[in-house]
Amino acid sequence: MTSLHDRHINPLILKDLNGENWHLADYVKRGGYSALRRILEEGISPEQIIADLKTSGLRGRGGAGFPTGLKWSFMPRQYPGQKYLVCNTDEGEPGTFKDRDIIRYNPHALIEGMAIGAYAMGITVGYNYIHGEIFQEYLRFEEALEEARAAGFLGDNIMGSQFSFQLHAHHGYGAYICGEETALLESLEGKKGQPRFKPPFPASFGLYGKPTTINNTETFAAVPFILNIGAENYMGLGKPNNGGTKIFSISGDVERPGNYEVPLGTPFAKLMELAGGMRGGKKIKAVIPGGSSAPVVRGDVMMQTDLDYDSIAKAGSMLGSGAVIVMDETRCMVKSLLRLSYFYYEESCGQCTPCREGTGWMYRMVHRIEHGQGRPEDMDLLNSIADNIQGRTICALGDAAAMPVRAMIKNFREEFEYHIEHKHCLVPTYL
């Protein structure tokens, strides 16, 4: 298999990987576990590790973008009972497939990052919750765990130190809602995966009611590299408030869809260049920059936008998980919204009335517009329904369902109006 290096700019997590060199011996040759070894041999304090993470500017790579060092500082280190560390690899957002590749190509980076996190927060037990639809990757991670245990990088008295950490993999069942951290905890406890009210937050009342820290796969995997190259150097790879590199999963109408690791702040136009540009030489029409829940952005606006949390927010969307869905001029926005609305309708856990009832209502209305039965008042009604869902549910799935509706109507209103008036699509070449 050929190297993935030419897909990236200054890669860290995905550097020099070819699909075959994922084993422990390969990772150690690339400098793996050196950060954990140095921490334990030199007795680097947990406070210093957390301070370095704050300096690095690392923000949660799962979608929310919360500062990682700050989150780790919330863990009550002196809590006398059991505490837990949880990795969220429940990657179910349409368009997102980066975490799958991390545990496929570089699982030991995740293991080392979690072990460092456990040391920094005084935790002895951790779990990696892996999405139910990626079973081969789950098996690979289990194999990597066995390698790490056999080599003494996991278990009791790691590398002869007083630090012990047990790490386990848990295979989910494919429910999108379990990507929400408290629904994940409910599922991990063996219960139905439904979000919890917050507060209390997981840092004080998490898994089995104990203090728990939850981070995304990419977040943990970045930690060893931050400590190896230095927090300030990592920050310097990105831009202020957006430190380091980010893996973007680009799919849709591009020549080379896949995962690309680039510094935060890289122009979107550069990512498109790495992905080979638009497939078939067609024009770019729309981009969903952060997974299916992120508001759509018109293509011409996105081509002038940088890939970082702040720049994408100014463009009217979210960086999210870094799942970039590109649509060309032949794509119908009404039909695209229909597919998204159906997904959220199907994946709503049904706990909150606005989401349970509203997602189905929005889907049925978009379905009616797409099939030539729309009414002029439907667009205002859709916006009203979305307004009454967003911000009124226990978790963010309601927001995730509402934001695409509002953004599609805002940015491509003419297509919806055309559907309603002419009873068919504005884009006759839709494939």
(message) We want to know whether Ser321 and Thr96 form a side-chain donor-acceptor pair, criterion being a heavy-atom distance below 3.5 angstrom.
(response) yes
(message) Is a donor from one side chain sitting under 3.5 angstrom from an acceptor on the other, for Asp300 and Gln304?
(response) no
(request) Determine whether the side chains of Tyr27 and Glu112 contain a donor N or O and an acceptor N or O closer than 3.5 Å. (result) yes
(message) ring pair (Phe, Tyr, Trp, His ring centres under 6.0 Å) for Tyr260 and Phe248? Distances and angles first, verdict last.
(response) CA-CA 5 Å; Tyr260 297 82; Phe248 288 91; 9.6 Å; no
(message) Can you see whether Ser164 engages Gln166 through a side-chain donor-acceptor pair at a distance of less than 3.5 angstrom?
(response) no
(message) For a quick check under 3.5 Å, do Thr55 and Glu232 share a side-chain donor-acceptor pair by atom type?
(response) no
(message) Hydrogens and angles aside, do Asp99 and Thr89 bring a side-chain donor and acceptor to less than 3.5 Å of each other?
(response) no
(request) Using modelled atom types only, decide if a donor and an acceptor are shared between the side chain of Asp306 and the backbone of Ser311 within a distance under 3.5 Å. (result) no
(request) Report the C-alpha separation of Arg77 and Glu47 in whole Å, then their side-chain angles, then the decisive distance to 0.1 Å, and conclude whether the side-chain contact (heavy atoms from CB on, under 4.5 Å) test is met. (result) CA-CA 10 Å; Arg77 280 188 46 79; Glu47 292 79 10; 4.3 Å; yes
(message) As a test of understanding, state which of Ile13, Thr219, Thr217 forms a side chain to side chain contact (heavy atoms under 4.5 Å, CB included) with Leu110.
(response) Thr217
(message) Any side-chain to backbone donor/acceptor pair from Asn411 onto Val297? Under 3.5 Å, distance only.
(response) no
(request) State, yes or no, whether a side-chain contact exists between Leu337 and Val405 at a heavy-atom distance under 4.5 Å. (result) yes
(message) Test your reading of the model: is there a side-chain donor-acceptor pair from Arg256 to the backbone of Leu274, 3.5 Å cut-off?
(response) yes
(message) Using only atom types and a distance under 3.5 Å, with no angle test, would you say the side chain of Asn388 pairs donor to acceptor with the backbone of Pro354?
(response) no
(request) May I ask you to decide if Arg331's main-chain N or O and Lys285's side chain share a donor-acceptor pair within less than 3.5 Å? (result) yes
(message) In the structure I gave you, are the side-chain heavy atoms of Phe163 and Ile39 within less than 4.5 Å of one another anywhere?
(response) no
(request) Measure from the side-chain N and O atoms of Lys71 to the backbone N and O of Ile214, and report whether any donor-acceptor pair falls under 3.5 Å. (result) yes
(message) Within the structure provided, determine whether Lys54 and Ser73 are in side-chain contact (heavy-atom separation under 4.5 Å).
(response) yes
(message) Working note: Leu397 + Tyr176, criterion side-chain contact (heavy atoms from CB on, under 4.5 Å); need CA distance, chi angles, decisive distance, verdict.
(response) CA-CA 9 Å; Leu397 190 143; Tyr176 173 72; 3.6 Å; yes
(request) Spell out, as yes or no, whether a donor-acceptor pair under 3.5 Å connects the side chain of Asp378 to the backbone of Gly374. (result) no
(request) Answer whether the closest heavy-atom distance between the side chains of Ile103 and Ile134 falls below 4.5 Å. (result) yes
(message) I'd like to know if Asp387 and Arg406 make a salt bridge, using a cut-off of under 4.0 Å between side-chain N and carboxylate O.
(response) yes
(request) For the pair Glu137 and Arg140, find out whether any cationic side-chain nitrogen is under 4.0 Å from an anionic carboxylate oxygen. (result) no
(request) Decide whether Ser34 and Arg37 meet the rule of one side-chain donor and one side-chain acceptor closer than 3.5 Å. (result) no
(message) Using only atom types and a distance under 3.5 Å, with no angle test, would you say the side chain of Glu261 pairs donor to acceptor with the backbone of Lys15?
(response) no
(message) Within the structure provided, determine whether Lys283 and Met278 are in side-chain contact (heavy-atom separation under 4.5 Å).
(response) no
(message) With rounding to the nearest 0.5 angstrom, report the CE to CZ distance, Met408 to Arg413.
(response) 15.0 Å
(message) Is any side-chain heavy atom of Val254 closer than 4.5 Å to one of Met272?
(response) yes
(request) Evaluate the side-chain contact (heavy atoms from CB on, under 4.5 Å) criterion for residues Glu147 and Trp22: first the C-alpha distance (whole Å), next the side-chain angles of each, then the deciding distance (0.1 Å), finally the verdict. (result) CA-CA 11 Å; Glu147 291 182 334; Trp22 63 270; 4.2 Å; yes
(request) Give a yes or no on whether the backbone of Pro224 and the side-chain of Asn228 come within a donor-acceptor separation of less than 3.5 Å. (result) yes
(message) Rounded at 0.5 Å granularity, tell me how far CG in Leu12 sits from CD1 in Ile226.
(response) 8.5 Å
